[in-house]
Amino acid sequence: MRTRIGIVMTFEKKTLLPKQSTKNLREKTTKSNSMELKQRVNDSQKFVSYIGSSMNPTLKPGDELLVVPYEDRKVRRGDVVVFFSPRDHQKVTHRVISIEPNGVRTQGDNNNKIDPMVLNPDDIIGRVVSTRRRGKLLSVHGGKRGRLFACLIRTSHKIDSGIFFLVRPVYYWLARSGILKRLTFIQKQIRTISFIRPVGTEVQLIIGQKVIGRLFPGKDRWQIKRPFHLFIDEESLPRKEQNRPAPSESEVFRGDKTINKKNRNHFDLTEQIRDTHKELTMCGEPRNALLDFPNELVIYISSLLRNEALPLPELPLNQWSEVLSCLRSHWILPLLYRQISFLPLEYHPPEKVKDKMRKSFLISRVRCFHMEKQLDEIIKAFHNEDVQILVLKGPSLALSVYPDPALRPSSDLDLLVLPEQMSQARAILGKLGYQNLGKRFEHSRDFYSEETFLHRKNARDNRAIELHWDLHSFSGISREVKVEELFHRAVKIDKKGLTFKTLHPIDALIHRALNMAIWHNKDIRLIWIYDTALLAQGLKASKDWGVVLKRSVDWRARLALEYSLKMAQVWVGLKLPEKYNDFSRWPPPTATEAGFWSDALLRHDRLTSFLKLHWSDTTGVFKKSKFLLHLLFPSPRIIRLDYPPAHNWLLPFSYARRLYRWFKQYFVSRFGLSNRRG
């Protein structure tokens, strides 16, 4: 399920109750919602506005929350708290589910997964004691009552999901057959109402006073609640082109009385972008969430990546919050903030939006400082032990092809060592205080390419490390290039006193394409596309590109490179040398690569495709069985990281949650029983 975030839109410390009033408020809210409390809150208090769905039905969008500081009171399990997210310093409202020695863990009542961040007491602003909804003051329970309430909510969701899972084949058969759509007495009760929004017209389907479906501005597909799919013929409902007039030339870009040829080309570019991401989809929930925003906004973001100045689209402030949340998942906000700083003020977003982008940039700068310090310590330790090491992906690109390392955020450190030095490299990291989450090299080196390490004492300031002995683990499309050749061609980077070796730019470009188009082809980030553009622009003329084509075939990355460059062309405006601009004239991929490309595109949806990529015909039955066992039941340390249990004795349930996710992801979707997307 999608991880939802309950966001606090505004917060003013001056609106909180004084110390004495807070004490009285605690006493009165525990007894009853007295008329005196209601009157005081309504007359003198300003509330914190809440949006989001992660706390539904405890909290709903539009609720006004009364937040009280903890002061000397201890945080309790079950309390609903407002806190600063350690990731992006955004205010979030979730419920406390556990209090551990290293901090506080939270989870939304409407979320299946525990929040990944661990909170310090300083991160917590206060607890939510009541909410004002439609003029009524409602108590928000914490402690044992709050835990019981949250447990009931999650149990009801699981029961609903389980029942629907059982009846789903019948449900979709009835929906496709259209039998119940002929019931005229239901059709007569359905009404269609249109609402003019700042970004277009929203259409709602209503039965009585209940909203059963919505068509949002700029969308082609209706969102209809269960079980009303059975009774409604979506083909007869108004579509985007019916409920929203085609934009005139003056509407395409704010302030333009006429649209010139260049702007028209940019407007047509959105169709090329959407075509490019039909198979290789972008991150977000749902997939390609960025492309669900208005065309003008997609064009504006692309123009920033292209270093072009286009007028800012008109968006309400609340939609900007959704836009920033989506762009944050693409790791692109620091770069966009820098690009905007070079534009005239009339091309800048609202000041509040710019402030949030600036915070993302500053957070990235701080994380970059910690990353450089961590990397310097690791490089020196490996050098002292005479172990060769190459820095890969994000940190390497940030320090080599970006003008400022803070423009290129990353989540971990990827390091490559020679296979024969893997054991020695693992020991070095152990001496530096890193814990190995699971040994793979000795037992499953044919199926995996890395081991993960976390710092034992300071995991917050030290990033996770992925120690690679190979660049990828796709046995089905194994390349002819050896790891030793990568070290032989490696280039030296010396920046800000930090000296290290990394892949040759040609190898880095092909590795970026493989990692994005095969490993992450269902959750592509904009920053990876920008990486591709910078690496390609850094290559010299025909000589380098001739090597690129030959090496991409040897790497079994010919198709991955083509699609990656196409994404860079439509988003960033990458210009290839004229001789190599026509992909049909490139050398064809090998038969092995062509045969496994379809499996690469389906590896996230089909277990058979996943397994084909990860083992070849030459792999023995014993090794295959061992890999499959490790795949289903990985190290407890990895499970604790991905599915953290509240207590150690609940670890088997974490394994069960993981297996259920696999079953739902691969088997259910394989037989067409999963939710269908438009």
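Here the options are H383, K380, K492, the test is side chain to side chain contact (heavy atoms under 4.5 Å, CB included), and the partner is T499; only K492 passes. Among R426, R440, K439, the single residue meeting the salt bridge (charged side-chain N to carboxylate O under 4.0 Å, His left out) criterion with E451 is R426.
Within the structure, the salt bridge (Lys or Arg N to Asp or Glu O under 4.0 Å) test picks out the following pairs touching residues 499-512 (sequence neighbours left out): R489-D507, D507-R551, R512-D531. For the salt bridge (Lys or Arg N to Asp or Glu O under 4.0 Å) condition, the pairs that include at least one residue of residues 363-372, sequence neighbours left out, are R365-D404.
Scored by the side chain to side chain donor-acceptor pair (under 3.5 Å) test, S584 finds D582 as partners (sequence neighbours excluded). Taking the side chain to side chain donor-acceptor pair (under 3.5 Å) definition, one finds that K495 meets it with nothing, sequence neighbours left out. Taking S329 as the reference, C283 meet the side-chain contact (heavy atoms from CB on, under 4.5 Å) condition, with sequence neighbours excluded. Applying the side-chain contact (heavy atoms from CB on, under 4.5 Å) test to A568 and every residue at least two apart in sequence or in another chain returns I529, T532, A533, L574. Residues passing the salt bridge (Lys or Arg N to Asp or Glu O under 4.0 Å) test with D412: none are found, sequence neighbours excluded. For K457, there are no salt bridge (Lys or Arg N to Asp or Glu O under 4.0 Å) partners two or more places apart in sequence or in a different chain. The ring-ring contact (aromatic ring centres under 6.0 Å, His included) search around F487 returns none, not counting sequence neighbours. Partners of N458 under the side chain to side chain donor-acceptor pair (under 3.5 Å) rule, at least two apart in sequence or in another chain, are D461. With sequence neighbours excluded, the residues that form a ring-ring contact (aromatic ring centres under 6.0 Å, His included) with H455 are Y434.
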Just list the side-chain donor-acceptor pairs under 3.5 Å for residues 332-340, sequence neighbours left out, or say none.
residue, atom, partner, partner atom, Å
Q339, NE2, L304, O, 2.9
Q339, NE2, N307, OD1, 2.6

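Aromatic rings of Y580 and W586 (six-membered ring for Trp) have centroids beyond the 6.0 Å cut-off, not under it.
The two residues W331 and S410 have their closest heavy-atom pair at CZ3-CA, 4.0 Å.
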Give the intermediate values and the outcome of side-chain hydrogen bond (donor to acceptor under 3.5 Å, both in side chains) for residues H468 and D414.
-> CA-CA 7 Å; H468 296 253; D414 289 87; 2.9 Å; yes
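We find that E562 and R558 are joined by a salt bridge, their nearest charged nitrogen and carboxylate oxygen being less than 4.0 Å apart.
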